Amino acid sequence: MNAFKLWYHKLGSPPYFYVFAGYIQPWLWTIALALAAAGLYGGLVLAPPDYQQGDAFRIIFVHVPAAWMSLFVYGVMAVSAFIAVVWRPKMAEVLAMESASIGAAFTLIALVTGSLWGRPTWGTYWTWDARLTSELVLLFIYLGVIGLYHAFEDPRQGARAASFLAVVGAVNLPIVHYSVVWWNTLHQGTTVRYFGPSSIAPSMLWPLLAMTIAAKFYYGASLMGRARVSLLSLERGKDWVAEIVRKEPAHG
Amino acid sequence: MKFSDASAQPMIEARALAFERRDERIFGPLDFTLVAGSIGLIEGDNGSGKTTLLRVLAGLLRPTAGDVRVLGAAPGSEDARAAAASMGHLLGLKGDLSALENLRIGIGLYGCKAGADPHAMLERVGLEGYAEEPVRTLSAGQKKRTALARLALLPARLWLLDEPYANLDRHGIAVVNALLAAHADAGGAALVTSHGAVRFHQDVSCTIRLPA
Amino acid sequence: MKFSDASAQPMIEARALAFERRDERIFGPLDFTLVAGSIGLIEGDNGSGKTTLLRVLAGLLRPTAGDVRVLGAAPGSEDARAAAASMGHLLGLKGDLSALENLRIGIGLYGCKAGADPHAMLERVGLEGYAEEPVRTLSAGQKKRTALARLALLPARLWLLDEPYANLDRHGIAVVNALLAAHADAGGAALVTSHGAVRFHQDVSCTIRLPA
Amino acid sequence: MSAVGLADGFRAMLQRDLLLAWRRRGDALLPVLYAVIVATLFPFALGPEHALLARISGGVVLVTVLLAMLLSLDAVFRGDLDDGALEQMVLSPQPLALLVAARLLAYWLVTALPLIVVAPLLAYMLGLERAAQPVLLLALLLATALLALIGTVLTALTVGTRRSGMLLALMLLPLAVPIVIFAAGAVGAAQQGLPWVAPVAWLAAALALALVLAPLACATALRIALDS
Amino acid sequence: MSAVGLADGFRAMLQRDLLLAWRRRGDALLPVLYAVIVATLFPFALGPEHALLARISGGVVLVTVLLAMLLSLDAVFRGDLDDGALEQMVLSPQPLALLVAARLLAYWLVTALPLIVVAPLLAYMLGLERAAQPVLLLALLLATALLALIGTVLTALTVGTRRSGMLLALMLLPLAVPIVIFAAGAVGAAQQGLPWVAPVAWLAAALALALVLAPLACATALRIALDS
Amino acid sequence: MDKFLAMGGYADFVWPAYAVFFLVLAADVLATVLRRRRVLRELRGRIARRSARQRGSVSA
Ligand code: HEM
Ligand SMILES: Nc1ncnc2c1ncn2[C@@H]1O[C@H](COP(=O)(O)OP(=O)(O)OP(=O)(O)O)[C@@H](O)[C@H]1O
Ligand SMILES: Nc1ncnc2c1ncn2[C@@H]1O[C@H](COP(=O)(O)OP(=O)(O)OP(=O)(O)O)[C@@H](O)[C@H]1O
Ligand SMILES: [Mg+2]
Ligand SMILES: [Mg+2]
């Protein structure tokens, strides 16, 4: 408990976090790139074509990690947004707001790769299916949070307002998901089912896992980079920032 | 009466109060105390932060440094809000409602000083005959007078007034001064901004100068 | 220079000018002449019709009786509009644009006085360093100064100013007076409203008193 | 000095808003007219095929009514912000949530109620079955109240910003989707003669929750938004 | 003193409006988002039945785009009226019709163009046939311009009144119906593989007329509206 | 190699999907780098202005 408190207070202090993030960032990058390289090789070269879908299934190695990340990042964002609303530490605001942009990027990827995958498998880029629709709604929530953040002139005020929205949106997310499921069963739609995850062979599974973990590490790396910049701009009156700016090479 | 014991209670106490926006200093650090029965003047040039200071005291903005108490409570807390009333550059009047209706709304939200009457107050600020006119059709000075009448009806003990003299003619200025004097005599306190162009008639107990 | 022949040309001539709304007399009948190189003062209490008179002269309202000419043309006609510029209670600035951008728009619509420069003018009214700020973040007095700077850039020979002193500090008032003096010296004319609370520094050639 | 009671503040706000709406009663009719326009334009845009129109009538009326409400949502606090009345509300000794609740009630009465009154007529014009009409009315009642409650919270969040309009729409969409799904689900079920109680019950439950939480959330959001 | 040319005033106004739109680019996106929302909500309200959605897709997109424009029509002169800029325009030596034309062009560029860009995507999501897409685009181009021209004249007329919103909607409806009929007629014909040139030609003719007359009418209407 | 690029006839879908994945993430990284540069430039300007002001007020 005490160790946790110490850690919390240390990481909650912007100058300390800045240094810490700068320290772990290269490690995160290295792991992410290595895993991605392995996953790509395994997914694009080693794995045999699917007996039903041919080579189209290879989209899975980008689609599924992105889709999972879109939800995972939202979770992280919602937790730190909640902390930001209740206790107002600056670090929680920063992490929530920077997560939103990354999450939106993953959601966009999931949507686009999904619809690119849908064309060969379902015969259409878009259909009003439950999962597709709720992913679209998720993108709107992310965009709402980002938009609200930037709409305020004072970034801390914007962060507080947007965090509030992120928390409210988190409540909404399961509601959207299930309502969309029920909605589809209410009317008899022309929904196409996904193929079951059980049919995944080990030769496909390990590249998928590699890509998924790579995406998580990418998220960490990108978040650290973003948080560092955000801290510099938020704390621009403070001496530690002046110190860092003085040390930084002229166009870093 | 102004220097009786009961009224020497501090209405506002500010210690090292400062405000910065995006870490540019707007005003401060300021130290001052405003006691009951007295009138304070905030003087400063255009853009020196008078409006911002009043908004901090009202609790609309959070000071970035220092400490301030309004009747012992934090600005913007329920106790402080019950004790203070303010008038800003924007008067908060509804143009589509009549002057009288606007006063009634103010009373509904803030309550009414014992024995005060909206009709009589409109007459006192020189708006006889305008009680039923929509505020939108009043002239700039008449709107200001309506806002003053609303202020004077409320039970608030502390007034925060941003340029109460602007847009008023000589009679209007006299009205403001009379209202202020009566308020102080009754044990209230007021903080008034001014850039010194209009002569302030009254003995002012404290002057807060904001450098440009 | 003010009394040279060329500048004695009449800028505004009003004969039995009156305005009523819903057949209530707001002002008038008024007779006055404002010649080039001079400054006229419209004095009156709150609600006496000063703003209304200026709007009639600008051509926004149509007089209900009498006759008025602005540089020989009817108010609001193309010739009159080319010669006059006005500043009212509402300043007509765009809050989302910077002070400089607002000046540029004014120049685009009205043209620019020969040799006038927006940057220099902003400095002259005391807004160095605020040229790039969005007008919405300026203080009340700074907004007013921006509007004054815009006015002084235009080639208009006749200025119609509604309470130019309101919200300004001492330095701001001096700026207005300096701008007025320069304008009159260059052969222009101005009509300024006031309720007499602020001392008007200058020799005023004609005073129009509106009874309350 | 007479202290002011809680009921006073609520009553004063409600009275004020109703009075204002009455003074500008033309504006209050705008959403209704808007809904009428949409419902009128649809047959022109789709061709007067009766079966098709009847099939989509419930959904069209629902979407139209909710969008007409959206139209005026942006203005819930706009006027009060522009003329300084919102500050007066925030600074008054009354609990802000209470004043907001009054504002909300007035908003619903002025905007949604006329829409609900006119909706059956529109549905009839588009050919909705008689049997589904009561369900439509019920669904509208719940859905408009829910939308008003959720919408004002979001409006409050954007009150201090420059780009309120877009943001509002952006933030509201995800929250409006479930409302539309349940409301349309109920109407659709009624149209086909299926049981429609379940989706209505869900809406009612959500409404009960929102009635308690929304004014509080709204007050919080207003304070966040004004603090600049 | 350097006199100011006609082109200067037009350019200054256009620049100003585009700059303002850019500063508040969030707001400019509002109609687009609004259209996206409507198009997203429709499947929820009607059910995801592909054939039905495709059948009504053209009409829905058309009505949605035009309504999204209506949404912002009320604001064309509102801001300038509130902060006194409209008075400055009226009092400037420039011909008012010219300034109004610049205002109008900016309005169309900012509001309608993004809508037209996004419309094909919406139509695709709702399942409109590939073949009808160009016709939809053409119809939208003409219809939005026409609506903008007619709408601003009416907006100008109502600018000084208290009940502008309602009046606007009331007056615009009879004028919008023919536009929708012709535009939807063209799209519908294209969807069924029939010739669609005639309705488009009618729209184009009306547009040519409106281009000349609308700025003049608008300037006159503004003068009338301000004189109170 | 050609066979690999053809993706069994699904090249039109597979490669754009991968391209989107990497381009969007690259854009995310690039945005951060650019923002970092801008922030540092601004900070340098601020610091220069502030020290100039301090020097000015000392000499005055
Ligand atoms: C625009 C279209 C699509 C979108 C927005 C989308 C979205 C998603 C989302 C959000 C998930 C994560 C769900 C969760 O973990 O609960 C997911 C997982 C998945 N998607 Fe997609 N998807 C799309 C199209 C497709 C297509 C066409 C296929 C294949 C035919 C597909 C196959 C999968 C698979 C296999 C998973 C992982 C298995 C699972 O978690 O259940 N998706 N997708
Ligand atoms: N919302 C805002 N955002 C950024 N800066 C602001 C904002 N409001 C005010 N300022 C700046 O803060 C400073 C102080 O403004 P304030 O309105 O408090 O001045 P003031 O003393 O009331 O002046 P005046 O006499 O002109 O009313 C000004 O330089 C102004 O530009
Ligand atoms: N739009 C309007 N409709 C009806 N009456 C109006 C309108 N505008 C002004 N009035 C009335 O006309 C009279 C003159 O108003 P005006 O604004 O001209 O006064 P003013 O001399 O400018 O006063 P102030 O010094 O307060 O600005 C006032 O009694 C006012 O109530
Ligand atoms: Mg001020
Ligand atoms: Mg006036």
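Please read these numbers as outputs of a predicted model, since none were measured by experiment.
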Honestly, the part of B/L93 sitting under 4.5 Å from a heavy atom of chain D is backbone
Check whether any side-chain heavy atom of B/L210 lies under 4.5 Å from a side-chain heavy atom of B/I42, and answer yes or no.
yes
Is any side-chain heavy atom of B/P75 less than 4.5 Å from a side-chain heavy atom of B/L57?
no
Is D/D80 salt-bridged to D/R16, going by a charged N under 4.0 Å from an acidic O?
yes
Given that the side chain runs from C-beta out, which part of D/L99 has a heavy atom under 4.5 Å from chain B: side chain, backbone, both or neither?
side chain
Name the option with the most non-hydrogen atom pairs under 4.5 Å to chain D; the candidates are B/R104, B/K94, B/E78.
B/K94
Basic-acidic side-chain contact under 4.0 Å: D/E87, B/R55
yes
Is a side-chain donor or acceptor of B/Y110 paired with a backbone partner of B/L153 at a separation under 3.5 angstrom?
no
Who in residues 83-92 of chain B is close to chain D, using a strict under-4.5 Å heavy-atom cut-off?
B/S86, B/L90, B/L91, B/G92
Could you state the interatomic distance from CG (D/L222) to CZ (D/F77), rounded to the nearest 0.5 Å?
5.0 Å
Between side-chain atoms of residues 114-121 of chain B and protein atoms elsewhere (two or more places apart, or another chain), which donor-acceptor pairs fall under 3.5 Å?
unit_1	atom_1	unit_2	atom_2	d
B/D117	OD2	B/H119	N	3.4
B/D117	OD2	B/A120	N	2.9

